[in-house]
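The shown structure was predicted, so the numbers you read here are calculated from the model rather than taken from an experiment. As the structure lists them, so they are numbered: ligands from 1, and atoms in each ligand from 1.
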Amino acid sequence: MAIEFTKYHGLGNDFILIDNRSSLTPVLTPEKAVQWCDRHFGIGADGVIFALPGQKGTDYTMRIFNSDGSEPEMCGNGIRCLAVFLTDLEGISRTKDKYHIHTLAGVIAPQLTDDGQVKVDMGEPRLLAEEIPTTLSPSEFQVINQPLEVAGKTWDVTCVSMGNPHCITFVEDVAAINLESIGSQFENHPVFPKKTNTEFIEIVNRNYLKMRVWERGAGITLACGTGACASLVAGVLNDKCDRTATIELPGGPLEIEWSELDNRIYMTGPAERVFTGKY
Ligand SMILES: N[C@@H](CCC[C@H](N)C(=O)O)C(=O)O
C-alpha cells in the first residue's frame, strides 16, 4: 500500500512527515523507517516523524524514528517541521495559539510566528547525571566540565538533557574537529547507557556560538535543535555565554533563550516544506 508523506527540513536537518492522525500506532515499523531514510535506496532523511492523535489533553502526539530506526524522546528541528505540517493539514494559520504536543520528553509547545518562523517552548533542561543519563558523576550531581577519555584524548564535557541526552565540549575551532572519526565513539561511550548526542561548540562571543553535531542514531547532521538548546545551557553553566544567543549550525542559525523567569528554553527557527509524495 502506498503511503503519503511530506518531506520537510529545519536548517537542513530533514524529515519525512506522515499524517498518522487516525491511530496511535505509527504506520511504519522502525525497519521501514530505516529504508525510507536511506539516501541512496529510499527517500532520504535524518528521521521519520508521525503526527498522531493527542494524549492527556494535548492537541497531537509526535513520535519519531531516527534514520537507524531508534526512537528518541524529542527532536527540536522536527517539532518545528511538525508544527508547519499540522498547519498545512488543518488548513488554518495558528499564529495566535500554541500547539501542545505530547512527546516522550513531555509536552512541547511550538507556535508559528508572524514572520513564518516557529518558536518552541522546549521545557526545562534536566541537569542531573541520572536524568541525562550518564555515569560520569554520581546520579544526583550535575556533569559540568568533567574529563572524558575518547579516542585517546581527554575532553572536558558538560551534559544536559532536553528530554534526550547531549554531551557538549567547548573547543577553539569547530571546523578542526574530526566528527566522522570521533562522533560514534562519544555516542557509544559506556558512560552513556542510552547513548548520546554530541555537540562541539566554539564561542565567538557571549551571544554567538558555532556548533557542529554528531546525532545519536543519525550521525553528522546539518543542525540539531535540542543540541543547540543543550549547548546554550552548557555555555551558561560554564559562564561562557549569556542566556540568549544565536547558535550557528552548518545548516543555518537558531535563536535560543534560557529564560530566567520560568527556567524554560525557547528555540526559534525555520521549517520548510520540500516536497510531497507517495511511497
Ligand atoms: N535532530 C534533532 C534530534 C533528533 C533525535 C536525536 N538524534 C536523538 O537520538 O536524541 C533535533 O533537532 O533536536
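Under a 4.0 Å criterion applied to the non-hydrogen atoms of Thr226, ligand 1 contributes the atoms 3 (C), 11 (C), 12 (O), 13 (O). Every atom of ligand 1 with a heavy atom of Asn77 under 4.0 Å away is listed here by number and element: 11 (C), 12 (O). In summary, the atoms of ligand 1 found under 4.0 Å from a heavy atom of Gly76, numbered by their order in the structure, are 11 (C), 12 (O), 13 (O). Atoms of ligand 1 found under 4.0 Å from any heavy atom of Pro72, numbered from 1 in the order shown, are 5 (C), 8 (C), 9 (O), 10 (O). Using a 4.0 Å cut-off to heavy atoms of Gly225, the atoms of ligand 1 that qualify are 11 (C), 12 (O), 13 (O).
Heavy atoms of Met74 found under 4.0 angstrom from ligand 1 belong exclusively to the backbone. The residue Ile64 has no part lying near ligand 1, judged by heavy-atom distances below 4.0 Å.
Ion pair Arg212/Asp173 not flagged as a salt bridge, since none of the NZ, NE, NH1 or NH2 atoms sits closer than 4.0 Å to an Asp/Glu carboxylate oxygen. Looking at Glu73 and Arg216, a side-chain N of the basic residue comes within less than 4.0 Å of a carboxylate O on the acidic one, giving a salt bridge. Using a 4.0 Å cut-off between charged side-chain N and carboxylate O, Arg21 and Asp59 make no salt bridge. Of the charged side-chain nitrogens involved, none lies within less than 4.0 Å of a carboxylate oxygen, so that Glu257 and Arg243 do not count as a salt-bridged pair.
If you check which protein heavy atom lies closest to atom 4 (C) of ligand 1, you get Glu215 OE1, 3.3 Å. Atom 9 (O) of ligand 1 has its closest protein heavy atom at Arg216 NE, 2.8 Å.
For the residue pair Gln55/Thr61, the side-chain donor-acceptor check at 3.5 Å is satisfied.
Annotation: cation-pi geometry satisfied between Lys119 and Tyr266 (NZ/CZ under 6.0 angstrom from ring centroid, within 45° of ring axis).
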